[in-house]
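When reading the values below, keep in mind they use all heavy atoms of this one structure, side chains included, and skip hydrogens, waters and symmetry mates.
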Amino acid sequence: MACGELRADHVGTEVVLAGWVANRRDHGVVRFVDLRDRYGLIQLVADEDAPAAGMEGLSGLHPEDVIQVHGVVRMRVEGQRNPERATGDVEVLVQRVEKLSSAVRLPFEIADHIDVPEEMRMQFRYLDLRRPALQQRMALRTRANQAIRQTLVDAGFWEIETPMLTRSTPEGARDYLVPSRVRPGSWYALPQSPQIFKQLCMVGGVDKYFQIARCMRDEDLRADRQPEFTQLDMEMSFVDEEDVYALVEQVMAAVYQEVLGTELALPLPRMPYAEAVARFASDKPDLRNPLEVVDLAGCAEALEFVVFNKVLADGGWVRGLRIPDGGRLSRKQINVIEAAAKDAGAGGAAWCKVTAEGPTGPLSRFLKVGAEETPVDCPVGIGNLSVAGADFLRCLQARPGDLVVTIADHPRRAMVALDAVRRKAGELMDLVQGPDQLLWITEFPLFEEGEEGEFHPAHHPFTCPVLEDVPALEGGQKAGIRSRAYDLVLNGTELGSGSVRIHQRALQETIFKAIGLAADVAEERFAFLLEAFRYGAPPHAGFAIGLDRLYALLFGAESIRDVIAFPKTATGSCPLTGAPSVVDESQLRELGIRQDSANPNEA
RNA sequence: GGGGAUGUGGCGCAAUUGGUUAGCGUACCAGACUGUCGAUCUGGUGGUUGCGGGUUCGAGUCCCGUCAUCCUCGCCA
């Protein structure tokens, strides 16, 4: 029997409990100790009904000592019960106590209400893990993983483990490298994802594969990024997008049911990438935020605003957001929105408040009526507008009381800035409410356009293009070529992505050519995969979900570090073990590696 | 690699324009106490103010450097 499981049903039973001393309350002739194990807390008591051994056993204990007690469960009398605790109706009258191990003074208290620096929580993670909040997240994580496995195994999937020591592929993130002792000068790489192996599984006739896989990328970190993280990786043969959507939706529904106890409404909504960008200036829109972007290209020119006209002439975006009732935002709050746009890389944000007397704010002078004109009669009651100004606000469907924020910039920067403005305005206006919004973003572009107008592949080179775009692709076009790649988005966060893969050699060669990967280079880097595809490759498609991020969102954790048992810091170090660390010179010698003498670790 | 924030007993915080022996809460230790449950009461231990320089009669406070942590941009096919 465990501490946290005792209830009124157990009254009268003799129990042997073991756990950690969570708290002591010593009244001299009555002593209480709260004993904690993974299942919860139980109050131990020694009073005049307890034998001397019990009374003595409960004295001289220190916080976090590990003890075993023999005792009898008894009902607490009315008025002494603690409804705050699951075990609060009962207590254990102690017969004898055995101290299994004692604890020195702890660096922090084991209680959820104590605020502890994160670095210290990581350094003493084994103590942090004793705290109920973190334990609950580990329990939830176990159940969610189990729900995933159950769903996939029931659907006929095999769980296949792929190598951790594999071959470096220069694309994508930096690899973590591992030297080979047996073959000096050669290196393994830790997998950035099991991508290639899962495709090989498909060629191998494993038509339904999944794995809860660790992935490693040697890149700088963020609150939602760790050097090693966990993905749910899936792949299927003889399927198309629809099968992947259906499967992933089933998995998500199972996780929602298990973790939150809620039904996920299926099927999930879908939105092509182009629509998401046009309406929300994002490939991962938060649909809880009702604000939408308006393209002002058609009605901005007549304003004779130099910045707008210059951007339009250069092929840039002039787009804006109407924030209903945003007129109530203070100048300070609008500055915050403007700062968000600037942080995102835009030169600025031109805005105006709309009132019955006319527009106010930086943009207003381009909208107001000139001295010798007569104001336009505006049907929604905005005063003092020029013809072009009225047209501009009509595009935005602005009404008195609104705030209008516009961004003019290169498309790439404008998009990021509009997204930032939309998020910030949604936050300030308290618009982001309601149930979770999961959706599919489909038909991602095959190529991304950089700041200088150059194109580079948006995904790995095995992503299948949309078939009707292939002729244009063969003709050398890159802009607007769609791929059969898709993302799953939750409340403005990308949870995962996947694609239909290329399984035909001719198309693969077209893609290699289009992304500027010479045939011989491609052959060298992906020789084994391309070779495999020669022996009969099934059409296949897959998906991968970042579980740390998903769980952090579902469990209400602030950081993915709070859903990982042993996380690392923002510089990839582990305060608990001291990793990464210097190693013995002899270890390096054995590996045939000579360390740069400038290495600061030597000092 | 860039930018920002933080760093004072174990933990959370304070310390006037640079000015006495660096305070408070909590935890911890000891004692007291008949029912507590984040017990209470009394007493006590505990500090190289992240580290290294500098300015000054005098530095927790000002300056320079450095380290660590967090956030963020770049980066993460």
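- The cationic group of A/Lys198 does not satisfy the cation-pi geometry with A/Tyr209, failing either the under 6.0 Å distance to the six-membered ring centre or the 45° limit from the ring axis.
- Mapped onto RNA chain B by nearest heavy atom, A/Pro575 and A/His459 fall at different nucleotides, with A/Pro575 at the one closer to the 5' end.
- Separating the CG atom of A/Asp343 from the P atom of B/G74 is a distance of 11 Å, rounded to the nearest angstrom.
- Contacts of A/Glu119 with the nucleic acid, taken as non-hydrogen atoms under 4.0 Å apart, involve only primed sugar atoms and P, OP1 or OP2.
- Residue A/Arg74 is in base contact, counting any heavy-atom pair closer than 4.0 Å across all strands shown.
- Checking B/C70, B/U34, B/C33 against the side-chain heavy atoms of A/Arg561 singles out B/C70 as nearest.
- We find that CG of A/Asp115 is positioned 17 Å from P of B/U6, with the value rounded to whole Å.
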Which is it for A/Glu219 and A/Arg225 under the salt bridge (Lys or Arg N to Asp or Glu O under 4.0 Å) test, yes or no, and what are the steps along the way? CA-CA 9 Å; A/Glu219 295 294 345; A/Arg225 245 192 260 160; over 6 Å; no
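- In this model, a side-chain donor or acceptor of A/Arg76 finds a partner on the base of B/U36 within 3.5 Å.
- Summarising the base pairing, B/U36 is matched to no nucleotide, lacking a Watson-Crick or G-U wobble pair whose two defining distances lie under 3.5 Å.
- When each of B/C28, B/C37, B/G38 is scored by its nearest atom to the side-chain atoms of A/Arg105, the top-ranked nucleotide is B/C28.
- Residue A/His27 has no polar side-chain atom (N or O) positioned under 4.0 Å from OP1 or OP2 of B/U36.
- Under 3.5 Å, the side chain of A/Glu91 and the base of B/G35 form at least one donor-acceptor pair of N or O atoms.
- Nucleotides B/G38 and B/G43 place their C1' atoms 22 Å apart, quoted to the nearest Å.
- Searching all strands for a Watson-Crick or G-U wobble partner of B/C41 with both distances below 3.5 Å returns B/G31.
- Proximity note for A/Asp26 (side chain, C-beta onward) versus B/C33, B/C75, B/G12: the nearest is B/C33.
- Listed here is the closest heavy atom pair of A/Ala344 and A/Ala417: CB-CA, 3.7 Å.
- Distances shown here put every side-chain N or O of A/His62 at or beyond 4.0 Å from the OP1 or OP2 atom of B/C28.
- Within 4.0 Å of A/Asp218, counting heavy atoms only, lies no atom of the nucleic acid at all.
- Rounded to a whole angstrom, the distance from the C1' atom of B/G9 to that of B/G50 is 15 Å.
- Across all strands, A/Ala223 comes closer than 4.0 Å only to sugar-phosphate atoms, never to a base (heavy-atom distances).
- In this structure, CZ of A/Phe32 is placed 12 Å from P of B/U34, rounded to the nearest angstrom.
- Salt-bridge check for A/Arg214 with A/Glu228: passed, with a basic side-chain N closer than 4.0 Å to an acidic carboxylate O.
- Considering only side-chain N and O atoms, A/Arg217 lies under 4.0 angstrom from the phosphate OP1 or OP2 of B/A77.
- Under 4.0 Å is where a charged nitrogen must lie from a carboxylate oxygen, and between A/Asp47 and A/Arg74 at least one such pair does.
- Below the 3.5 angstrom threshold, one finds no donor paired with an acceptor across the side chain of A/Glu109 and the base of B/U26.
- Comparing the P positions of B/U6 and B/C64 gives a spacing of 15 Å, expressed to the nearest Å.
- Spacing of P atoms, B/C11 relative to B/U20, comes out at 26 Å, to the nearest Å.
- Between A/Tyr273 and A/Phe444, the angle of the ring planes lies from 30° to 60°, which puts this pair in the tilted group.
- A/Val116 comes within 4.0 angstrom of no nucleic acid atom, judged by non-hydrogen atoms across all strands.
- With rounding to whole Å, A/Asp419 atom CG is found 11 Å from B/C73 atom P.
- B/U66 and B/G23 have their C1' atoms separated by 30 Å, with the value rounded to a whole Å.
- Distance A/Asp89 CG to B/U36 P: 16 Å, rounded to the nearest Å.
- The backbone N or O of A/Cys464 lies less than 3.5 Å from no partner atom in the side chain of A/Arg484, so there is not a single donor-acceptor pair.
- Put simply, A/Arg24 has a side-chain N or O that comes within less than 4.0 Å of OP1 or OP2 on B/C29.
- Between A/Ile114 atom CD1 and B/U26 atom C1' there is a gap of 7 Å when expressed in whole angstrom units.
- Ring-plane geometry between A/His460 and A/Phe462 is classed as tilted, the angle between the planes lying from 30 to 60 degrees on a 0 to 90 degree scale.
- Nucleotide B/G9: unpaired (no Watson-Crick or G-U wobble partner with both distances less than 3.5 Å).
- Mapping A/Asp224 and A/Asp220 onto RNA chain B by nearest heavy atom places A/Asp224 at the nucleotide closer to the 5' end.
- Across the protein-nucleic acid pair, A/Asp65 atom CG and B/C28 atom P stand 12 Å apart, rounded to whole Å.
- A/Gln80 places its CD atom 15 Å from the P atom of B/U34, with the value rounded to the nearest Å.
- Taking atom P on both B/G10 and B/G19, the two are 25 Å apart, rounded to the nearest angstrom.
- Distances shown here put a side-chain N or O of A/Ser573 below 4.0 Å from the OP1 or OP2 atom of B/U69.
- Ion pair A/Arg412/A/Glu448 not flagged as a salt bridge, since none of the NZ, NE, NH1 or NH2 atoms sits closer than 4.0 Å to an Asp/Glu carboxylate oxygen.
- On the C1' atoms, B/A68 is 15 Å away from B/G52, given to the nearest whole Å.
- At a cut-off of 3.5 angstrom, counting only N and O atoms as typed in the model, there is a donor on one side and an acceptor on the other between the side-chain of A/Arg225 and the base of B/C75.
- Across all strands shown, B/U17 remains unpaired; no Watson-Crick or G-U wobble contact has both distances below 3.5 Å.
- With both ends at atom P, the span from B/U48 to B/U8 equals 12 Å, rounded to whole Å.
- Closest to the A/Asp47 side chain, of the nucleotides B/G35, B/C71, B/A68, is B/G35.
- Between B/A32 and A/Arg25, no contact under 4.0 Å exists linking OP1 or OP2 to a side-chain N or O.
- A/Thr571 comes within 4.0 angstrom of the backbone, heavy atoms only, and of no base.
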